[in-house]
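Please read the structure below before turning to the comments.
Labels below follow one simple rule: chain letters A, B, ... track the order of the sequence lines, proteins then strands, and each chain is numbered from 1. Owing to the predicted nature of the structure, the values given are computational and were not obtained by experimental measurement.
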Number of protein chains: 2
Amino acid sequence: MARMGLTTQRVTVAAADLADEIGFEGVTVSAVARSFGVRDASLYSHIKNVHDLRARVAVLALAELAERVAAALAGRAGKDALVAFANAYRAYAGEHPGRYAATRLQLEPEVAAASAAGRHAAMTRAILRGYALEEPDQTDAVRLLHSVFHGYVSLEGTGAFLNTPRAADASWSRSLDALDMVLSNWPTAGRDR
Amino acid sequence: MARMGLTTQRVTVAAADLADEIGFEGVTVSAVARSFGVRDASLYSHIKNVHDLRARVAVLALAELAERVAAALAGRAGKDALVAFANAYRAYAGEHPGRYAATRLQLEPEVAAASAAGRHAAMTRAILRGYALEEPDQTDAVRLLHSVFHGYVSLEGTGAFLNTPRAADASWSRSLDALDMVLSNWPTAGRDR
DNA sequence: CGACGATACCTAATAACATTAGGCTAAACC
DNA sequence: GGTTTAGCCTAATGTTATTAGGTATCGTCG
């Protein structure tokens with residue numbers, strides 16, 4: 001009958017670890033309770049419900065990701081910054097697939113605001129300081145970057161690149177070269193060719 | 001006691017429709033059975049289990065998406081083709097969020113092979129015929145395109161672009177301009193700047 | 001130190017979903 | 001028209017989510 005010393009924080013971390021092991025969909029109240037050796041009902045003193053649990057994992061992952069990216073970005077500029085950001089992003093997703101999947105959870109506005117979601121966008125904008133982009137080009141570029149990063153990582157995660165022999169790393173690297181080129185020569189007009 | 005006339009095909013379509021209405025996660029054996037007014041167990045003559053049901057929705061969606069994209073691509077080349085492909089892709093995802101979500105399901109290799117997944121890649125390559133790209137650049141470009149399309153649509157679907165006032169359509173359009181530029185001047189070396 | 005209140009965890013109970021086994025009956029096919 | 005097939009049902013079991021209410025352990029204060 002030793003107490004397990006549960007707290008919302010510990011439960012959240014356990015859920016996140018579980019997500020990385022068995023996938024985010026596998027993050028269930030029962031599974032987390034099992035990992036602590038306690039009854040399902042015992043977790044409800046610490047979390048509101050499954051959705052709350054998953055949302056907490058999402059917020060945790062968002063914060064961790066933001067931290068990693070920020071660290072990678074420190075002291076860099078231009079293409080260096082772009083590559084560092086992108087690699088940190090992809091590395092996190094690769095090391096923590098479950099946590100990363102959690103970041104795609106649809107968070108309610110209040111939660112999202114309180115979390116590091118905004119910090120993410122802020123840092124993406126930081127990259128762009130190296131490239132001379134005004135609004136609204138900057139917003140467009142942020143969206144493009146985020147799309148590429150998320151899209152690539154997401155497709156890679158579901159094995160979409162396994163059919164072709166070409167290594168995923170190589171394509172990633174070339175995609176970053178391409179992005180650097182786009183950002184350097186952002187198409188100002190739009191009507192041509 | 002009128003028979004419902006269920007078949008695997010009808011069950012799959014009903015599941016797909018349900019997915020578009022309430023989200024792909026909501027596609028459950030119970031819910032589909034309910035939509036037909038039959039018992040849960042009755043569906044098991046037509047599907048193997050939930051995963052089978054969801055996989056069928058995924059295959060259906062992949063085929064529909066491939067068809068839409070192929071139609072849009074007919075008779076176009078170069079940037080026209082790129083834009084038509086991209087818009088067809090995004091439109092499908094917008095009209096059928098549940099079906100689109102299903103396409104991200106991890107399919108077992110045999111199922112994926114039998115499905116239209118390969119056709120998708122083939123068509124992406126068709127776009128690239130308008131741009132002079134050799135292997136392995138072509139593979140890299142296909143991955144980049146797919147990443148942007150999927151990433152954008154996915155982020156848009158989870159409301160990631162709602163914070164900023166800039167319209168999602170506008171950024172999309174500019175991103176396509178950017179992609180056209182990248183494909184036209186694909187970075188051959190990689191080390192510069 | 002012993003009482004007290006807060007907190008951590010438990011049992012019990014209900015409900016939705018997934019799945020299997022076995023039965024009944026409407027339809028289709030000579 | 002009788003038989004086979006296939007479509008649907010009931011019954012039963014296991015997992016997960018969630019609530020209500022109980023017990024035990026901990027820190028704290030008199």
Side-chain angles (χ1 to χ4, degrees), chain A residues 1-60 98-99 101-102 104-108 111, chain B residues 1-60 98-99 101-102 104-108 111:
Chain A
M1 313 307 159
R3 296 244 175 151
M4 229 40 263
L6 299 189
T7 65
T8 302
Q9 189 51 209
R10 286 195 58 202
V11 169
T12 303
V13 172
D17 291 344
L18 197 61
D20 286 336
E21 283 168 39
I22 65 175
F24 187 57
E25 342 71 48
V27 173
T28 168
V29 175
S30 300
V32 175
R34 211 174 300 135
S35 83
F36 279 112
V38 301
R39 296 300 187 154
D40 298 12
S42 306
L43 294 191
Y44 286 86
S45 325
H46 307 284
I47 58 166
K48 215 157 42 85
N49 48 41
V50 218
H51 179 262
D52 178 52
L53 174 62
R54 293 191 177 151
R56 284 177 192 280
V57 174
V59 170
L60 171 68
R99 282 168 155 89
R104 294 296 12 116
L105 195 70
Q106 178 104 27
L107 292 177
E108 22 286 309
V111 183
Chain B
M1 316 314 158
R3 297 248 171 145
M4 227 42 260
L6 299 189
T7 67
T8 303
Q9 187 53 208
R10 287 194 58 203
V11 169
T12 304
V13 172
D17 291 344
L18 197 61
D20 286 336
E21 284 168 38
I22 65 175
F24 187 58
E25 342 71 50
V27 173
T28 166
V29 175
S30 300
V32 175
R34 207 176 302 134
S35 82
F36 279 112
V38 302
R39 296 301 187 153
D40 298 13
S42 306
L43 294 191
Y44 286 86
S45 325
H46 307 285
I47 58 166
K48 215 158 39 93
N49 49 42
V50 217
H51 178 262
D52 178 52
L53 173 62
R54 293 191 175 150
R56 284 175 191 282
V57 174
V59 170
L60 170 69
R99 281 170 157 88
R104 293 298 8 117
L105 196 68
Q106 177 104 28
L107 292 178
E108 21 287 309
V111 184

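- Among dT20(C), dC10(C), dT18(D), the nucleotide with an atom closest to any side-chain atom of Val50(A) is dT18(D).
- Nearest nucleotide to the side chain of Val38(B), out of dC9(D), dA18(C), dT18(D): dC9(D).
- In this structure, Thr28(A) does not reach the dT15(D) phosphate: none of its side-chain N or O atoms is under 4.0 Å from OP1 or OP2.
- In this structure, CZ of Arg10(A) is placed 14 Å from C1' of dC9(C), rounded to the nearest angstrom.
- In this structure, Ser42(A) reaches the bases: a heavy-atom distance under 4.0 Å links it to at least one base atom across the strands shown.
- Nucleotide dG7(D) holds its P atom 13 Å from the CZ atom of Phe36(B), rounded to whole Å.
- Following rounding to the nearest Å, Asp40(B) (CG) and dA15(C) (P) show an atom-to-atom distance of 16 Å.
- When rounded to the nearest whole Å, the span between OH of Tyr44(A) and C1' of dC10(C) equals 15 Å.
- One interatomic measurement links the two molecules: CD1 of Ile47(B) to P of dG7(D), which rounds to 14 Å at whole-angstrom precision.
- Atom CZ of Arg34(B) is separated from atom P of dA18(C) by 9 Å (rounded to the nearest Å).
- Of the charged side-chain nitrogens involved, none lies within less than 4.0 Å of a carboxylate oxygen, so that Arg34(B) and Asp40(B) do not count as a salt-bridged pair.
- If you measure from atom CD of Gln9(B) to atom C1' of dG7(D), you get 17 Å, rounded to the nearest angstrom.
- Between the CG atom of Leu43(A) and the C1' atom of dT19(D) there is a distance of 14 Å, rounded to whole Å.
- In this structure, Thr12(A) OG1 and Asp52(A) CG are separated by 8.0 Å, a value rounded to the nearest 0.5 Å.
- Checking dA18(C), dG7(D), dT11(C) against every side-chain atom of His46(B), the shortest atom distance belongs to dG7(D).
- Of the candidates dC9(C), dC17(C), dC9(D), the closest approach to any side-chain atom of Ser30(B) belongs to dC17(C).
- Rounding to the nearest 0.5 Å places CD1 of Ile47(A) at 10.0 Å from CZ of Arg54(A).
- Here the nucleotide nearest the side chain of Arg39(B), chosen from dC9(D), dA18(C), dA17(D), is dC9(D).
- Backbone-only contact: Asn49(A) has heavy atoms under 4.0 Å from sugar-phosphate atoms and none from a base.
- If you take CZ on Arg56(A) and CD on Gln9(A), they are separated by 9.0 Å, rounding to the nearest 0.5 Å.
- The listed nucleotides are dT11(C), dA18(C), dC9(C); the one nearest the side chain of Ser45(A) is dC9(C).
- Side-chain atoms of Arg10(A) come within 3.5 Å of backbone N or O of Gly5(A) as a donor-acceptor pair.
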